[in-house]
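Here is the structure we will look at, set down as C-alpha cells.
For ligands, and for the atoms within them, numbers begin at 1 and follow the listed sequence.
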Amino acid sequence: MQKVVFTGAAGDIGTRLRKILRGVYPHIRASDIRKPADLAAGDDFVAADLADLAQVEEAVAGMEGVVHLGGHAVEGSWPTILNANIIGCYNLFEAARRAGVKRVVFASSNHAIGFYPRSQRIGVNVTVRPDSRYGVSKAFGEALGSLYADKHGLRVTCLRIGNVTDTPADERRLSIWIKPEDLAQLVRIGLEHPDIHFVIFYGVSDNAASFWDNSRAAHFGYRPHGRAEDFRAQAMAAQAKLPPDPVAVRYQGGPFCSAEYDADRVQ
Ligand code: 15L
C-alpha cells in the first residue's frame, strides 16, 4: 500500500491520523472542502465536496487506499445528513470503484448501534440499532461497503468508532474511548491485512467497561494499548458536572439517544 487518500483530512481525526501515519505510506493525499491547516508546502491536497461525484473522483484518482473520514460527524438536519453522509458516502464508494481503488476504510460510528442498552455487550454480528439520522447514515455506509465488497471487489473495513480523544471525557467514554494510536492501528489493518474482504470492527481501546466484543478485530491482529480505566477518576469528575439525562444513561449512544426522544410515545 503506497498511495492513500484521507477524506475529511482537515477534521480532528483526519489531522491526528495523518500525523501518526506520516511515513508509513509513501504518498498520503489529504482531501476535504477546506485545506488542512497543518499541510506543508508540497503536500498533496485535493479539495472536494463529497456531494459532488466529479470532485470526489478527482480526490481518489490514482490512489490505492481510501480512509473515508469525511462527512457530517454528529447529528444534523436531514438535508445535511443526506448530502454529506448518504450522497457523499455513495459518491465515495462509486468514485473508488471507478478509479480502481483497492481498499476503503470507512469511519462508521458507535451511533449505528447506539440504541443497544449499556447492559448488553454486543459484537459486530447484531442488527444495527441507530440512535439518530447520523447513526442511520453510518449504517447506510456499512451496507454500501458490503455491497461494493461483494459486487465490485473492493476490500472494505468499517470502523464503528467510539470517541477519539487524548483521554476519556466522561463515564460513557470510559466504555467507548479510543486512543488515537489505536485507531491508527485499526486503519493500518484495514489498509494492509491480506485477508480483508468486508469487515466491521469496533473503534475502541482496551477498556474494561467496553460495551463491545471486539474479538473480530483481535483476530485480525488488533492489540490496543489505550486503557480508559487509567483515567477513571478524571472522567467521573467530569461526569459529575453534567446535567442528569435518564434516557442517555440507559443506552450506548448516550445523548444521541435522548435528543428528540418522544418519551410519551416510546413504550
Ligand atoms: C461520534 O460519532 C462523533 O463523531 C463524535 O463527535 C462523538 O460524538 C462520538 O460519536 C461519541 O459518541 O462520543
**Message:** Give the atom numbers and elements of ligand 1 that come within less than 4.0 Å of a heavy atom of Phe256.
**Reply:** 8 (O)
**Message:** Yes or no: does Ile176 have any heavy atom under 4.0 Å from an atom of ligand 1?
**Reply:** yes
**Item:** Donor-acceptor contact present, side-chain Asp49 to main-chain Ala51, <3.5 Å
**Value:** yes
**Item:** Test of ring centre spacing under 6.0 Å for Phe201 and Phe220
**Value:** yes
**Prompt:** Can you tell me the protein heavy atom closest to atom 3 (C) of ligand 1 and the distance?
**Reply:** Ala73 O, 3.0 Å
**Request:** Using a strict 4.0 Å cut-off to heavy atoms of Tyr134, name the atoms of ligand 1 that fall inside it.
**Result:** 1 (C), 2 (O), 3 (C), 4 (O)
**Message:** Keeping Asn163 on the side-chain end and Trp177 on the backbone end, is there a donor-acceptor pair under 3.5 Å?
**Reply:** no
**Request:** Give a yes-or-no answer on whether the side chains of Arg173 and Asn207 include a donor-acceptor pair shorter than 3.5 Å.
**Result:** no
**Prompt:** Under 4.0 Å from any heavy atom of Asn110, which atoms of ligand 1 are there?
**Reply:** 10 (O), 11 (C), 12 (O)
**Item:** Shortest protein contact, atom 9 (C) of ligand 1 (heavy atom only)
**Value:** Gly162 O, 3.4 Å
**Asked** Between Asp230 and Arg227, does at least one N-O distance fall below 4.0 Å, as a salt bridge requires?
**Response** yes
**Message:** Among all protein heavy atoms in this structure, tell me which lies nearest to atom 7 (C) of ligand 1, with the distance rounded to 0.1 Å.
**Reply:** Asn163 ND2, 3.5 Å
**Complete:** atom 13 (O) of ligand 1: closest protein heavy atom, distance to 0.1 Å, is Arg173 NE, 2.8 Å
**Over-ring placement of Arg18 relative to Phe6, 6.0 Å and 45° cut-offs** = no
**Prompt:** Would Tyr202 and Arg160 count as having a side-chain donor-acceptor pair, cut-off 3.5 Å?
**Reply:** yes
**Item:** Per-atom contacts of ligand 1 with Ser109, taking only distances under 4.0 Å to non-hydrogen atoms
**Value:** 1 (C), 2 (O)
**Prompt:** So, Thr7 side chain and Leu69 main chain: donor-acceptor pair closer than 3.5 Å or not?
**Reply:** yes
**Asked** Of the protein's non-hydrogen atoms, which lies at the shortest distance from atom 10 (O) of ligand 1, and what is that distance?
**Response** His111 NE2, 3.0 Å
**Item:** Subset of ligand 1 atoms that lie under 4.0 Å from at least one heavy atom of Arg172
**Value:** 11 (C), 12 (O), 13 (O)
**Request:** Report the nearest protein non-hydrogen atom to atom 6 (O) of ligand 1: residue, atom name, distance rounded to 0.1 Å.
**Result:** Val74 CG1, 3.8 Å
